[in-house]
Trainee: 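There's a structure below that I have some questions on.
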Amino acid sequence: YQSYCILMTDYKLSADGRKRLETMVETNDGFKISDVDLEMRGPGEIFGTRQSGLPDFKIANIAQDSTILQEARKTAFEIVEKDPHLRLTEHAVLLENYQKIMHEKSEMSRVG
């Protein structure tokens, strides 16, 4: 059956609200809509409780740098497959950083 979406708003609309509304008018592609939303609100935390906002990435934009982030993910999986405990000398820096991050993020386990 044919479906319809009626978008209604108050006459006072924020810039973010206007952008969201324009996106909904321009497309019915849920992926495009979610990309715009992700870009506007940020992805939140991977480890933590924030569901929006900017993550702790130092150089990447998760919405704009998806290609390089996918390549980095692939490389990370290859490293873990080859050296799951990061015991090789070449992975010492990775292990050190991983342990530091996990120690900091483990504080979130007390939230409940």
Trainee: If you round to the nearest 0.5 Å, how far is OG of S14 from CZ of R20?
Mentor: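 OG of S14 is found 7.5 Å from CZ of R20.
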Trainee: Could you work out the complete set of other residues in the hydrophobic cluster of L13, with links drawn between I, L, V, M, F, W and Y side chains under 4.5 Å apart?
Mentor: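 Answer for L13: L7, L21, M24, V25, I33.
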Trainee: For D29, what residues pass the side-chain contact (heavy atoms from CB on, under 4.5 Å) criterion, not counting sequence neighbours?
Mentor: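 D29 satisfies side-chain contact (heavy atoms from CB on, under 4.5 Å) with T27, F31, K32 only.
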Trainee: What distance separates E96 CD from L94 CG, expressed to the nearest 0.5 Å?
Mentor: 10.0 Å
Trainee: Nearest 0.5 Å, what's the CG-OG1 distance between L95 and T89?
Mentor: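 Rounded to the nearest 0.5 Å, the CG-OG1 separation comes out at 11.5 Å.
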Trainee: Remaining members of M40's ILVMFWY cluster at a side-chain heavy-atom cut-off under 4.5 Å?
Mentor: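 The other cluster members (ILVMFWY side chains, heavy atoms under 4.5 Å, direct or chained) are V36.
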Trainee: With D16, which residues qualify under side-chain hydrogen bond (donor to acceptor under 3.5 Å, both in side chains), at least two apart?
Mentor: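 Listed in chain order: nothing, the list is empty.
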Trainee: Identify, with sequence neighbours excluded, every residue that meets side-chain contact (heavy atoms from CB on, under 4.5 Å) alongside E22.
Mentor: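 Partners of E22 under the side-chain contact (heavy atoms from CB on, under 4.5 Å) test: R18, E26.
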Trainee: Please tabulate, one pair per line, all N/O donor-acceptor pairs under 3.5 Å involving side-chain atoms of residues 74-86, not counting sequence neighbours.
Mentor:
unit_1, atom_1, unit_2, atom_2, d
T75, OG1, E71, O, 3.1
D83, OD1, L86, N, 3.3
D83, OD1, R87, N, 2.9
D83, OD2, R87, N, 3.0
D83, OD2, L88, N, 2.9
D83, OD2, H91, ND1, 2.7

